[in-house]
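Because the structure is predicted, anything quoted here is derived from the model rather than measured. As a basis for the values below, the full set of heavy atoms in this structure was taken, side chains included, without hydrogen atoms, waters or symmetry mates. A note on names: the letters A, B, ... follow the listed sequences, proteins ahead of strands, and every chain is numbered from 1.
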Amino acid sequence: MKFLRYIVIGIVFGITLAKAEVVSWYRIYEMFKFESFHMYGIIGSAVVIGIVAIQIIKRFKIKSIDGQPIHIHPKQFSIPRYLIGGIVFGLGWAMTGACPGPMFILLGNGVGVILVVIGAAVLGTYTYGRLRNKLPH
Amino acid sequence: MNEVIAFISQPWPWYVAGPIISLVMISLILFGNSFGISANLRTMCSIVGAGKNCEFFDFNWKSQIWNLVFALGLVIGGVIAHLYLTPSTEVNLSAQTIEDLKALGIEQPGTHLVPMDVFSWQSLFTVRGFIILVVGGFLIGFGTRYAGGCTSGHAISGLSDLQLPSLIAVIGFFIGGLLVTYLVLPFLYTL
């Protein structure tokens, strides 16, 4: 079953964010108040290791496990798109204390009402899709 | 075995979680995919037929099933952590944060992962609960697609690839987050 590897990786990620309390609303509040190193340590160490790993993948032209070349697509440059979109996302992140990954993990943690947050997020994505041509990118 | 479970049932420090997150990202890249969870929200729109009247959702969502399976893994991971690996629901917040939350009007902050008075079905019928859960969720879904990624896609994957757009997005995340934390939440907690 080819999807097995994705479910395993998802479980590892889910347990990790739950056990490191990244899924906690309180931890996000604490991060935006700059009152603990915890979240910065997590994101910072993930990025530092990620930078090294991606440089290795690129320099040594490492192939995927299926033997395909790995393409990491550069993002098209724009300021309004990333800044406005980012601010809107940040507003929601600090309110709900959950970005998309933790939403699913909180569901597993028994926070049933998070389904409403996920539903609202799907609606937000749909609304963006409908308005996309009218927004600055 | 019980000792192993007791050991991993402690809260995980940042220097354990951060490297595991990198490994998750690297694994997905080596599988020929990319690490970005919010793409699932777009896929969900597509599955329920949003592609019929909007070209943004008119794509082959079956190519994204792997990411939905990954999201299902997140739910299962949450269940496992909740049932077997979390003897105490207490969150290890800094003393200053606990003070701030009490000043905000939250009783017993950090005794659960989320403030239970807001994250309940009844709270949806209050102004505060509705704004935090429904408006907040909507803004996440709208903003993440507008910015082309969420924390996993920009803050982790994009910054790891030294992408300037991702740095701009992360700066945006913080502008929005600080506005809510310093202005909106204190207002909502006066309601």
Side-chain angles (χ1 to χ4, degrees), chain A residues 3 6-7 9-11 13-16 18-21 24-26 30 32 35-36 38 41-42 45-47 49-51 53-54 64 68 72 75 82-83 85-92 94-96 99-101 104-105 107-109 111 113 116-117 120-122 124-126 128-129 132, chain B residues 12 14 17-18 20-22 24 26-27 32 37-38 41 44-45 54 56 66 69-71 73-79 81-82 91 94 96-97 110 113-114 132-134 136-147 150-151 156 159-161 163 165 168-169 172-173 175-177 180-181:
Chain A
F3 290 126
Y6 297 108
I7 212 157
I9 292 288
I11 291 170
F13 190 59
I15 292 175
T16 304
K19 285 308 302 169
E21 301 169 344
S24 171
W25 184 95
Y26 298 111
E30 185 183 55
F32 282 126
E35 288 168 348
S36 168
H38 187 73
I42 291 175
S45 61
V47 170
I49 297 169
I51 289 171
I54 289 184
S64 76
Q68 303 293 322
I72 301 175
K75 296 174 199 301
Y82 300 107
L83 194 59
I87 291 171
V88 174
F89 175 83
L91 295 171
M95 278 188 207
T96 64
C99 46
F104 292 104
I105 302 167
L107 182 61
N109 269 276
V111 183
V113 77
V116 174
V117 181
V122 172
T125 295
Y126 178 72
Y128 165 74
R132 196 166 77 103
Chain B
W12 294 9
W14 63 266
I20 295 177
I21 294 172
S22 318
V24 168
I26 295 159
S27 303
I37 295 154
S38 67
L41 302 170
M44 289 175 182
C45 289
C54 181
F56 184 64
W66 69 268
V69 173
F70 178 72
L74 298 183
V75 179
I76 298 170
V79 171
H82 180 59
V91 183
S94 71
Q96 183 61 51
T97 304
L113 283 175
V114 294
I132 288 179
L133 300 172
V134 180
F138 184 91
L139 293 172
I140 289 179
F142 189 96
T144 188
R145 213 57 287 124
Y146 193 172
C150 59
T151 328
I156 307 290
L159 292 185
S160 290
D161 192 30
Q163 295 273 341
I168 299 171
F173 295 172
I175 295 172
V180 164
T181 303

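Inter-residue side-chain proximity for B/I175 and A/L83 is flagged as met; some heavy-atom pair is nearer than 4.5 Å. A heavy-atom distance below 4.5 Å is found between the side chains of B/I140 and A/P100. Contact annotation: the side chain of B/V180 never approaches that of A/F32 to less than 4.5 Å [non-hydrogen atoms, C-beta and beyond].
Residue contact with chain B, scored on non-hydrogen atoms closer than 4.5 Å, is absent for A/Q68. Only the side chain of A/I54 comes within contact range of chain B, with at least one heavy atom under 4.5 Å from a heavy atom of that chain. Only the side chain of A/V111 comes within contact range of chain B, with heavy atoms under 4.5 Å apart.
Using cut-offs of 30° and 60° on the angle between ring planes, the pair A/Y128 and B/F56 is perpendicular.
Between chain A and the residues B/T97, B/L139, B/L133, the largest count of heavy-atom pairs under 4.5 Å involves B/T97. Ranking B/A17, B/S160, B/G136 against chain A, the residue ahead of the rest is B/S160, based on heavy-atom pairs under 4.5 Å. Listed options B/I37, B/V79, B/I20, B/L113 were ranked by heavy-atom pairs under 4.5 angstrom with chain A; first place goes to B/L113. Between chain A and the residues B/A81, B/A71, B/G32, the most heavy-atom pairs under 4.5 angstrom are made by B/A71.
In this structure, the separation between CZ on B/F142 and OG1 on A/T125 is 9.5 Å, given to the nearest 0.5 Å.
Between the side chain of B/Q163 and the backbone N or O of A/K75, at least one donor-acceptor pair lies under 3.5 Å.
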